[in-house]
Amino acid sequence: MSYNDFYHLKEQPFSNTPDNRFFFESHQHNEAKLRLMHAVNTMKGLAVLVGDVGTGKTMLCRKLLEDLEQDPYEAGLLVVVHSNISSDWLLRKVTQQLGVDEPGQDKEVLIGRLYEKLIEHHE
């Protein structure tokens, strides 16, 4: 017997991707969301959210992105699912998320294109 049948559920209760319809804004989630919004509003440039597996980090970030007004903001979400990544990998993923076309392989070129894209977003 499935979960759906046993508990009379309308849809699968467990999914591999977070669904914002099921977001529960606990005190901790509200505090984290406020801190992330502060980073956005004060143009800190980078905000990092860390926590144990299953605590709602990805869902919180998706909810934050959903709540942002699209006009003044350009945002991306990068979910790092393992800890053995290189700084080059992270830099390349950030440039891709921010929409850098053809970031290149050379680190200096990559940083230059990222800088140009950030200036473009800032303007």
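If you read the sequence from its start, that first residue is 1, and numbering goes on from there.
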Exercise for the section: Report the C-alpha separation of D88 and L110 in whole Å, then their side-chain angles, then the decisive distance to 0.1 Å, and conclude whether the side-chain contact (heavy atoms from CB on, under 4.5 Å) test is met. Expected result: CA-CA 9 Å; D88 290 344; L110 186 64; over 6 Å; no
Practice task
Any chance you could lay out the side-chain contact (heavy atoms from CB on, under 4.5 Å) test for K93 and I85, step after step, and finish with the verdict?
Solution key: CA-CA 11 Å; K93 292 297 181 184; I85 61 170; over 6 Å; no
Exercise for the section: Given salt bridge (Lys or Arg N to Asp or Glu O under 4.0 Å), test K63 with D67 step by step and report yes or no. Expected result: CA-CA 6 Å; K63 181 70 174 153; D67 292 349; 3.7 Å; yes
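The CG atom of L34 sits 10.5 Å away from atom CG of N41, with the distance rounded to the nearest 0.5 Å. Note: L36 CG to K33 NZ = 10.0 Å, rounded to the nearest 0.5 Å. For the atom pair CG (L91) and CD (Q96), the distance works out to 10.0 Å, reported to the nearest 0.5 Å. From E66, atom CD reaches atom SG of C61 across 12.5 Å, with rounding to the nearest 0.5 Å.
For residues 9-24, the pairs satisfying salt bridge (charged side-chain N to carboxylate O under 4.0 Å, His left out) are E11-R21, D19-R21, with sequence neighbours left out.
Comment: E116 does not engage R113 in a salt bridge, judged by the lack of any side-chain N to carboxylate O separation of less than 4.0 angstrom.
Across all their heavy atoms, H29 and F24 have their closest contact at ND1-O, 3.6 Å.
M37 and M59 fall within a single hydrophobic cluster, where Ile, Leu, Val, Met, Phe, Trp and Tyr are joined by side-chain heavy atoms under 4.5 Å apart, directly or via other members. Hydrophobic clustering (ILVMFWY, side-chain heavy atoms < 4.5 Å, transitive): L78 and L60 are in distinct clusters. Each of V100 and Y115 belongs to its own hydrophobic cluster when Ile, Leu, Val, Met, Phe, Trp and Tyr are linked at side-chain heavy-atom distances under 4.5 angstrom. Cluster membership check: L65 does not share its hydrophobic cluster with V80, using side-chain heavy-atom separations under 4.5 Å among Ile, Leu, Val, Met, Phe, Trp and Tyr. Using a 4.5 Å cut-off between side-chain heavy atoms of Ile, Leu, Val, Met, Phe, Trp and Tyr, with links allowed through other members, L64 and V79 fall into the same hydrophobic cluster.
More than 12 heavy atoms of other shown residues, nucleotides or ligands fall within 6.0 angstrom of atom CZ in F22. Other residues, nucleotides and ligands contribute at most 12 non-hydrogen atoms within 6.0 Å of the CG atom of D52.
Contact of the R62 side chain with the L77 side chain is registered, since non-hydrogen atoms from C-beta on lie closer than 4.5 Å.
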